[in-house]
Protein chains: 2
Amino acid sequence: MRLTHEQFRELAAKHGLAVTHQRQVVYEAVIASHGHHSPESIYAAVRRRIPSISLATVYNNLRLFIECGLLREVTPHASTLRVDGNIKPHHHLVCSRCKSVQDIEGEFIDFNRLSRQLPDGFDLTQPLIEVFGLCRRCRAKT
Amino acid sequence: MRLTHEQFRELAAKHGLAVTHQRQVVYEAVIASHGHHSPESIYAAVRRRIPSISLATVYNNLRLFIECGLLREVTPHASTLRVDGNIKPHHHLVCSRCKSVQDIEGEFIDFNRLSRQLPDGFDLTQPLIEVFGLCRRCRAKT
DNA sequence: CGATCGTTTTATACTGATTATTATTCGATA
DNA sequence: TATCGAATAATAATCAGTATAAAACGATCG
């Protein structure tokens, strides 16, 4: 699955991004390899096509893509460890923007349906659910 | 909410942990301040009672507490950024141990119930749900 | 009481991910 | 072709977390 220059140009225009060769290659590297990738692995892939590219450029552009919704961040948490003294079953509401975490109560998961979707052997004995969205403050800022 | 030495001793014994003054103070600092805290902020709090304590001790003990279930980790993800090119609505299944992420399909969330629990102003227009558990491989290792 | 041994803590060095900085390059436009 | 702003490259700096090794502690045994 390789995008034509034309396709990427359209996509970038739609999100208000200037088109550069580096951007195109970085974006294609993410799309081409399905799954969840680290900046380093994307960097490695991109270097096969642009050996002179800088790691900073990869980081810059990944962040740009995430910000304008072209990509999704798979680690939307704060980058540092957070610890919770509450070990009763409860779930978390996480703000995708500011990474704040609030506890949330309630039975809003259909575990029957969920377990039908689980890959074989996945253990959900102590399920923790995290729901990502935008907290009021960040929503107001937009 | 301050634990007596006696209470902490029991708790530690139940989890097979030796009791030290530092451990007690670290644990109390987490419990006393409700919410989700970084090791640095816990370090700051603990230093008010044990000025000579080392940051490494705080990290060591937090990790211990997490391992034996006394505390819960709120950033169970890989510590590095991961990026997902799939921006169609889908959810994630995350292994709490090895931090691997798989996509998961299906409508297993009761959004009516969920939205009743949401704090005012929280925006769920692009909900992303992450379900934490133990993947088959890590479960086998135990 | 004093020696001993394993554990815990401390101090500090180190690693790895990410960000910041700054100079250079690129590309569009005048 | 000259100019200007944006993007990139190179590299330094930062920050969280981990590893290591020495010192301190504490229980136990003789």
Side-chain angles (χ1 to χ4, degrees), chain A residues 5 8-9 12-13 15-30 36-68 70-71 73-83 98-99 101, chain B residues 5 8-9 12-13 15-30 36-47 49-68 70-71 73-83 97-99 101:
Chain A
H5 288 221
F8 179 73
R9 200 159 302 191
H15 291 89
L17 275 187
V19 175
T20 68
H21 182 51
Q22 285 88 340
R23 277 186 190 158
Q24 170 148 15
V25 174
V26 169
Y27 182 72
E28 282 180 6
V30 178
H36 310 100
H37 299 282
S38 67
E40 279 292 340
S41 73
I42 293 164
Y43 178 53
V46 170
R47 276 218 286 190
R48 287 198 289 273
R49 290 177 58 195
I50 314 179
S52 68
I53 200 168
S54 156
L55 179 59
T57 300
V58 173
Y59 270 98
N60 285 341
N61 286 325
L62 287 179
R63 201 167 20 144
L64 261 178
F65 293 158
I66 289 167
E67 271 168 17
C68 67
L70 250 140
L71 295 180
E73 193 177 1
V74 186
T75 314
H77 271 166
S79 62
T80 66
L81 177 66
R82 293 301 150 85
V83 142
C98 71
K99 324 297 186 189
V101 179
Chain B
H5 289 222
F8 179 73
R9 200 159 299 190
H15 291 89
L17 275 187
V19 175
T20 68
H21 182 52
Q22 284 88 341
R23 277 188 189 155
Q24 169 149 14
V25 173
V26 169
Y27 181 72
E28 282 180 5
V30 178
H36 310 99
H37 299 281
S38 66
E40 280 291 342
S41 73
I42 293 164
Y43 178 52
V46 169
R47 276 219 286 190
R49 289 177 58 194
I50 313 180
S52 68
I53 199 168
S54 156
L55 179 59
T57 300
V58 173
Y59 270 99
N60 285 343
N61 287 324
L62 288 179
R63 201 166 18 143
L64 261 178
F65 293 157
I66 289 167
E67 270 167 19
C68 67
L70 249 139
L71 295 179
E73 192 177 0
V74 185
T75 314
H77 273 165
S79 64
T80 67
L81 179 66
R82 292 301 149 84
V83 141
R97 178 97 35 104
C98 72
K99 325 297 186 188
V101 179

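Convention: sequence-line order gives letters A, B, ...; per-chain numbering from 1.
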In the 5'-to-3' direction, what one-character label does each nucleotide of nucleotides 6-14 of chain C receive under the scheme B = base within less than 4.0 Å of a protein heavy atom, S = sugar-phosphate only, - = no such atom?
--SSBB---
Summarise protein proximity over nucleotides 24-30 of chain C in one line of letters, 5' to 3': B for base, S for sugar-phosphate only, - for none, counting protein heavy atoms closer than 4.0 Å.
-------
Compare all side-chain heavy atoms of A:Val26 with those of A:Ile50 and state whether any distance is below 4.5 angstrom.
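Counting from C-beta outward, A:Val26 and A:Ile50 never come under 4.5 Å.
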Report yes if the side chains of A:Val30 and A:Phe65 come closer than 4.5 Å at any heavy-atom pair, otherwise no.
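They are not in side-chain contact.
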When the distance from [atom1] of [X] to [atom2] of [N] is rounded to whole Å, what number comes out?
X: A:Ile42; N: C:dT18; atom1: CD1; atom2: P; value: 11 Å
X: A:Leu55; N: D:dA13; atom1: CG; atom2: C1'; value: 15 Å
X: A:Tyr59; N: D:dC15; atom1: OH; atom2: C1'; value: 13 Å
X: A:Leu62; N: D:dA7; atom1: CG; atom2: C1'; value: 15 Å

Determine the minimum heavy-atom distance between B:Leu17 and B:Cys68, stating which atoms define it.
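Here B:Leu17 and B:Cys68 meet closest at CD1-SG, 4.0 Å.
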Could you give the distance from [atom1] ([X]) to [atom2] ([Y]), rounded to the nearest 0.5 Å?
X: B:Arg49; Y: B:Glu28; atom1: CZ; atom2: CD; result: 5.0 Å
X: B:Tyr27; Y: B:Leu71; atom1: OH; atom2: CG; result: 6.0 Å
X: B:Leu70; Y: B:Leu64; atom1: CG; atom2: CG; result: 9.5 Å
X: B:Ile42; Y: B:Leu62; atom1: CD1; atom2: CG; result: 4.5 Å

Could you tell me which residues satisfy side chain to side chain contact (heavy atoms under 4.5 Å, CB included) with A:Thr20, sequence neighbours excluded, listed by chain and number?
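Per chain and number, A:Thr20 pairs via side chain to side chain contact (heavy atoms under 4.5 Å, CB included) with A:Gln22, A:Arg23.
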